[in-house]
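Comments concern the structure below.
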Amino acid sequence: MTTMLSNPVKYLRGVGPQRAALLEERGISTVADLLAYLPFRYEDRIRFTPIAEIIPGQPHTILAEVANAGGTIRFARGRGGVFHIAVRDGSGTLYARFFHGSYLEGKFKQGQRLVMHGKVDDDPYRPGRLEMVNPQIELIGSADGAPADSTEVGRIVPIYEAIGAISSRMLRRIIYSVLNDFDGNVPDPLPVAIRDRYKFPTRREALISAHFPPKNENLELLNSWRSPAQIRLIFEEFFYYQLALALRRQQEHRRSGIAMRVREDKIREALKRILPFKPTASQKRVLAEIAADLEQPYPMHRLLEGDVGSGKTIVAFEAATIAIENGYQVALMAPTEILAAQHYLSARRLFHRTESAPGETARAAAGYQVELLVSGQKRLERSEALARVESGAAKFVVGTHALIENPVIFKRLGLVIVDEQHRFGVLQRKQLIEKGVSPHVLVMTATPIPRTLALTLYGDLDLSVIDEMPPGRTPVETRWSDEASLKGVWEFMRGEVTRGRQGFVLYPVIEESKQELKAATAEYERLARKVFPGIRVGLLHGRLKNEEKDAVMDEFRRGTLQILVATTVIEVGVDVPNATMMVIEHADRFGLAQLHQLRGRIGRGTEKSYCILVAPKSITGDARDRIEAMIATSNGFEIAERDLKQRGPGEFFGTRQHGDAAFSVAQPLRDHEVLELARREAFAIAEDPAAAKEIVAKVESVSPAWQKRYQLAAVG
């Protein structure tokens, strides 16, 4: 029977109900879905290595004959024993060992020709002998090698990620069978002009070649995803996604927005009043970009990106000033109550120009009333704040997720600011935007994102980058110490405190656990009593009540506490210029971006600051790379690049929050040149509504999954 793209996989040869269920869990329900599941690497099993030329420790493909049919060594316990076989060619003899291999008994006869592929190592039990353990093996009849329809040898072999109990080998056979029976009808929504311009193969040709490349294909190109077929498939994923973003941007520009006045003397004076310091050239440039957006008759959608401590918040407050002076309210949403409280206090200092007791409202010459809305507020305090927001008396409203709840009603919301955007879902941002009528939107992140990833994650947002630090900042010196050096570390911290400075001590967990990690609560007791007697030590973690967190942070901010023992709850939003030292225990357990964010809590004043990473000097792999990266650079953009190379872009996409935006084959970092190309073509096509509409219709008919991405773009 001829196979079509729409056929369910459960009816394919070699699948069956159980495997179909596993495929369904991975989102593979049709032949089209199956063909979109591409190999992650390829092996050359065309060229045979003479046994005498084998290099131990490397994979080889050999053509040989059975020298000894072998047998199974059985054990009293265990399943099936170990099957042994010896093979030879004209140059030497090689041995193979198969665990649980009793099923192979009687399968081989002396003199029978076969092809084996696998890694060759020295036999640990018989010095001087080489062996393959559990190799891929295929019996052949022809004199020149493997049979023409072999999926395992005699070709460049695709290696798939296993899906549950469905191995790479099973997937090869299923997909090979599909392509053999395939009717060849693969609709191609990519415009012919683009295919011709870049000499792309058709979608059908690209899929077939990506699964089973021709024998003359360059293996290095294949494994670096640079073969013509792969580039075409990468391009189309970027192209369709970028087209969705371009169409989304056009929709936004067609919407009626709030054209604000930004050039009046009154607004210039208001901006001068709130500035606590002279802005950097970078801050001035970014504010000009935002102001130009606010003047437009359609909503601003801008991403403000900058390293930790680069001064994003003051730029956001300047944008808020413009909106408030135009008669609108501003909402700032932060991911944690500590960060929301930090923004609230900063806004009060700038906008009220007077200090007042917690819970009191204050008015100053600027006339901006600042409100805080978080879930932990007392009922009366919250209801009074909600009333002031609804009446319009509250001009600048700071909060957490509490801002998007139903009781919150704005009278005239003109600007939405979302801080640490990657911690929110796109739907949460959308809910806040819908509290107003086409408000302007400013998204902020202190996690630097390389431009290629920003074009993918936030491709419908205009990008502003603050790429310089305020003057007077001294770079933080980062050192690596181990447990044996802690006594000296504590002495160094004592010296900093004696000189009037403050410090942080960070732990990965709140309470002791089976992981044998030091915990913040226990270490706080020990440090306060035994290590730093006479020094005022505080404790801060996520399980404290909101009032307790606020009290601890206020004491540390005012200098009443000299050392703060904490968990990652202080990762963002804590600004204490007098803090000059941070010790992070079990630093190898933290992610690279997280370590950089934590380090950003110090070095905010003019004094020299120190970050001590405590981890065993014996660590290897990614953990060691993270520590070495922290020591090598304090540049957040370099840190982000290294972090992405280690972790991949998955966490930036935040599939739990954003929906399934990750691509099947495209990788924004690896394929940045193709991304730029696809974006340029997509935005050009979007200028022709008829052409764009035709492509969207074709893609929706070919790939329902793309519609999901398009819906994501519509709110992203």
Side-chain angles (χ1 to χ4, degrees), residues 9-10 12-23 26 39 41 43 45 48-49 51 54 56 58-89 92-126 129-142 145-155 157-178 180 212:
V9 290
K10 61 184 176 183
L12 295 176
R13 189 185 305 123
V15 177
Q18 288 185 324
R19 288 176 182 167
L22 290 171
L23 292 170
R26 190 62 71 92
R41 66 181 176 87
E43 289 180 355
R45 300 188 188 174
F48 302 119
T49 307
I51 292 174
I54 283 176
Q58 294 185 10
H60 292 278
T61 303
I62 66 158
L63 173 63
E65 64 177 35
V66 177
N68 184 333
T72 304
I73 298 175
R74 299 186 184 278
F75 302 102
R77 294 179 182 178
R79 292 169 20 200
V82 181
F83 182 79
H84 292 265
I85 187 174
V87 300
R88 64 187 173 211
D89 63 9
T93 302
L94 180 68
Y95 298 85
R97 186 155 41 113
F98 298 84
F99 291 101
H100 310 304
S102 58
Y103 68 95
L104 293 171
E105 216 163 345
K107 184 173 181 178
F108 302 104
K109 296 177 182 177
Q110 192 167 342
Q112 195 169 27
R113 292 170 61 78
L114 50 73
V115 171
M116 286 202 315
H117 175 86
K119 185 182 174 187
V120 179
D121 284 307
D122 292 308
D123 188 328
Y125 305 109
R126 299 172 181 84
R129 271 180 35 162
L130 295 176
E131 69 167 1
M132 281 186 183
V133 176
N134 294 331
Q136 301 277 356
I137 197 162
E138 190 150 348
L139 298 174
I140 61 173
S142 61
D149 63 347
S150 170
T151 59
E152 304 304 315
V153 291
R155 65 166 66 248
V157 174
I159 308 297
Y160 300 90
E161 181 186 343
I163 300 175
I166 308 177
S167 66
S168 179
R169 188 172 189 171
M170 288 179 192
L171 284 165
R172 270 196 296 279
R173 291 180 175 179
I174 293 167
I175 292 171
Y176 187 76
S177 174
V178 164
N180 273 347
F212 290 96

Quiz item: Where do Y160 and I175 land on the side chain to side chain contact (heavy atoms under 4.5 Å, CB included) test, with the steps shown first?
Solution: CA-CA 11 Å; Y160 300 90; I175 292 171; 3.6 Å; yes
Practice problem: May I ask you to test the T93-I51 pair for a side-chain heavy-atom distance under 4.5 Å? | Solution: no
Exercise. With side chain to side chain contact (heavy atoms under 4.5 Å, CB included) as the test, would you mind laying out the steps for R155 and E43 before giving the verdict?
Key: CA-CA 9 Å; R155 65 166 66 248; E43 289 180 355; over 6 Å; no
Practice problem: Can you see which heavy atom on R169 is nearest to which on I137, and at what distance? | Solution: NH2-O, 3.4 Å
Exercise. Could you grab the distance from atom CD1 of I163 to atom CE of M170, nearest 0.5 Å is fine?
Key: 11.5 Å
Extract all donor-acceptor atom pairs below 3.5 Å that involve side chains of residues 12-22 and protein atoms in other chains or at least two apart in sequence.
{"residue": "R13", "atom": "NH1", "partner": "S177", "partner atom": "OG", "Å": "2.7"}
{"residue": "R13", "atom": "NH2", "partner": "D181", "partner atom": "OD2", "Å": "3.4"}
{"residue": "R19", "atom": "NH1", "partner": "G14", "partner atom": "O", "Å": "2.7"}

Practice problem: Would you please classify the geometry between the F83 ring and the F98 ring as parallel, tilted or perpendicular, with 30° and 60° separating the classes? | Solution: tilted
Self-check item: Close side-chain approach of I54 and I62, heavy atoms under 4.5 Å
Solution: yes
Quiz item: Can you tell me how far OG1 of T61 sits from NE2 of H117, rounded to the nearest 0.5 angstrom?
Solution: 4.5 Å
Exercise. Measure the shortest side-chain to side-chain distance between F212 and V157 over non-hydrogen atoms and say whether it is less than 4.5 angstrom.
Key: no
Quiz item: Do you know the tightest heavy-atom contact between P135 and A96?
Solution: CG-CB, 4.2 Å
Quiz item: Looking at NE2 of H60 and CE of M116, how far apart are the two atoms once the value is rounded to the nearest 0.5 Å?
Solution: 11.5 Å
Exercise. Please tell me if the side chains of R97 and Y125 come closer than 4.5 Å, counting only heavy atoms from C-beta onward.
Key: yes
Practice problem: Show the numbers, then the answer: is there a side chain to side chain contact (heavy atoms under 4.5 Å, CB included) between R45 and Q136? | Solution: CA-CA 10 Å; R45 300 188 188 174; Q136 301 277 356; 3.7 Å; yes
Quiz item: Can you tell me how far the CD1 atom of I85 sits from the OH atom of Y95, to the nearest 0.5 Å?
Solution: 12.0 Å
Quiz item: So how far is it from I159 CD1 to L171 CG, rounded to the nearest 0.5 Å?
Solution: 11.0 Å
Quiz prompt | Side-chain (N68) to main-chain (Q110) donor-acceptor, under 3.5 angstrom | solution = no
Quiz item: In Å and rounded to the nearest 0.5 Å, what is the CG to CG distance from D89 to L63?
Solution: 8.0 Å
Practice problem: Check whether any side-chain heavy atom of V120 sits under 4.5 Å from a side-chain heavy atom of L94, and report yes or no. | Solution: yes
Practice problem: Flag the pair P39 / R172 as yes when at least one side-chain heavy-atom distance between them is below 4.5 Å, and no otherwise. | Solution: no
Quiz item: Can you find a pair of side-chain heavy atoms, one from E161 and one from R26, that are under 4.5 Å apart?
Solution: yes
Quiz item: Does some side-chain heavy atom of Q112 sit less than 4.5 Å from a side-chain heavy atom of L114?
Solution: no
Quiz prompt | Heavy-atom pair with the smallest gap, counting every atom of G111 and E65 | solution = O-CB, 3.9 Å
